[in-house]
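Here is the naming used below: chain letters follow the sequence lines, and residue numbers restart at 1 for every chain.
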2 protein chains.
Amino acid sequence: MRAPGLLEARQSLAPYARPAVAVDLVILTRVDEALHVLLIRRGEAPFAGRLALPGGFLRVGDGVEDQGEDLDRAAARELQEETGLAPGDVLLEQFATFGRPGRDPRMRVLSVAYYALVRPEVAQRVRAGGDAAETCWAPVAELAGSTLAFDHGHILEVALGRVREKLDTSSLAFSLVPESFTIPELRAVFSAVKGEPQDPGNFRRKVKRLVEDGVLETAPGRRRTASKPAALYRFRAAPRR
Amino acid sequence: MRAPGLLEARQSLAPYARPAVAVDLVILTRVDEALHVLLIRRGEAPFAGRLALPGGFLRVGDGVEDQGEDLDRAAARELQEETGLAPGDVLLEQFATFGRPGRDPRMRVLSVAYYALVRPEVAQRVRAGGDAAETCWAPVAELAGSTLAFDHGHILEVALGRVREKLDTSSLAFSLVPESFTIPELRAVFSAVKGEPQDPGNFRRKVKRLVEDGVLETAPGRRRTASKPAALYRFRAAPRR
DNA sequence: GCAATAGTGTCTTTAAGACACTATCAT
DNA sequence: ATGATAGTGTCTTAAAGACACTATTGC
């Protein structure tokens, strides 16, 4: 009981072999002034023993009646499986898809890549994934030498470039500080992402403008530190500009 | 004669059904002060008779020995097939991947989406695609009402957002003017993409800065028009700032 | 000459960079 | 009291927006 046109269309698609599709995650957090990425050590071939980005295969269902899970949902599921973190704890955004033939020696695999930005206090809750693999936070600046599995080094570079691009023009930075944060904490995010120190005075002026524009608001309490306590701020809404 | 680890790995992948993967193109050019997108009218179900973005399926080979074509190459091939344009004539960049279950009623299909920016004089060379379907340039501003096939309306929106974002921070605009262009021509690109007129004086000042910075250089000749001829410029290198 | 569009100049506001300085906390 | 870090103020330069004005071409 199918329309002929539909049948034809389906047949015209049938000849094409299909790639496997994975979702890989660049999970970033900030430790002091350095950006860190979550890596897992692979237990199996290929690239056994090498560090890799966490990820997994997209669930497609039977492909017709049940078309499976959404890409964003697959990314959130992988994040949950690998770190125990729920979406809502993190900013999770797709940034590119990688599909060079040969990037996985076993078979044709596309990787839809997401970056996840994790607040520092949440990052501490991360526990080893269900695959029981060894996971660790690695400082991205010191990763230049070591080669990651597959093309994950390249994927990481692209992710960092994108995060750097969006830092000044989106509200992305607020996902790398606690919900209530101090100006020096936010400044540390900018230092870590841009890889160069930010002037305290000028940075403070920029934050003040955001408060005036209603993007940020003051939050109750102060951050207790080893010296003078700092005032707290909190994100309100809408990307700036 | 396979390593056991590899066999295990392959088997662990086998249970997963695979999605079909298409590459879809948002082909943009500028006509006067309005941005236009190339659409094709679908001849087959689903969405027969509706306008859609050009695109096609990724070639994957047998998936092991021959892993098929690269994503960028697939996009260039589709562009060639649908318009007759060669890469080099256009700027072609991947911008996002769409995979909502149900976006294609036939089966699970992911769409890796590219935008292509076409110079106006090149756009005139575009001829109907090999699929013999009707193709046309549609002004994007007047497309609000009409619903495109699949989620192509959404894909178009995302493409436009991305192009708008990158207009001021990349050399993308120079792909929407002739290789030698006048300041008013470039200004028309900015007007079309941003959707609002650009001040002639201020815009000229911005271009002058690019010349001083070595991003642009003067080109020989002048553009003959109905009134005063305009001086020509040409792109030299590197995205600005 | 005249219409049309290229091209110039000026005034104001906003934001960034550099950097000296003051204030307030824990110990 | 003192060291450390939070927070303030100022000077300069770069760039954006608004807008009045002049110059050069085709017809």
Options C:dT27, C:dC25, D:dC27, nucleotide nearest the side-chain atoms of A:K228:
C:dC25

Looking across every strand, which nucleic acid part, if any, lies under 4.0 Å from B:P200 by heavy atom: base, sugar-phosphate, or nothing?
nothing

Integer-rounded Å distance: C:dT14 P and A:K206 NZ
18 Å

Between P on D:dA14 and CG on B:D213, what's the gap in Å once rounded to a whole number?
11 Å

Hey, can you tell me if B:H152 and B:F150 have their rings parallel, tilted or perpendicular (30° and 60° cut-offs)?
tilted

Upstream residue (5' side of DNA chain C) when A:G201 and A:S227 are each assigned their closest nucleotide:
A:G201

To the nearest angstrom, the CD-C1' distance between B:Q198 and C:dA6 comes to 17 Å

I'd like to know if A:R205 reaches the base of C:dG17 with its side chain such that a donor and an acceptor end up less than 3.5 angstrom apart.
yes

Distance in angstrom units between B:R204 CZ and D:dA15 C1', rounded
18 Å

Using a cut-off of strictly less than 4.0 Å, decide whether A:R209 has a side-chain nitrogen or oxygen near OP1 or OP2 of C:dA16.
yes

Taking B:V118's backbone N and O only, do any of them form a donor-acceptor pair with B:T29's side chain (distance below 3.5 Å, no angle check)?
yes

Tell me: CZ of B:R224 to C1' of C:dA6, nearest whole Å?
16 Å

On DNA chain D, more 5' by nearest nucleotide between A:K208 and A:T225 is A:T225

Side-chain donor or acceptor of A:N202 under 3.5 Å from a matching atom on the base of C:dA18?
yes

With distance as the sole criterion, do the side chain of B:D199 and the base of D:dA16 form a donor-acceptor contact below 3.5 Å?
no

B:E185 CD to C:dA6 C1', straight-line distance once rounded to whole Å
12 Å

Might you point out which heavy atoms bring A:Q198 and A:F203 nearest each other, and give the distance in Å?
CB-CD1, 4.3 Å

Between A:F190 (CZ) and C:dA16 (C1'), how many Å, whole number?
14 Å

Using whole Å, what does the distance between atom P of nucleotide C:dA16 and atom CZ of A:F203 come to?
11 Å

Is the backbone N or O of B:A75 less than 3.5 Å from a side-chain atom of B:E78, with the two atoms forming a donor-acceptor pair by type?
no

Taking the six-membered ring for Trp, are A:F181 and A:Y233 parallel (under 30°), tilted (30 to 60°) or perpendicular (over 60°)?
tilted

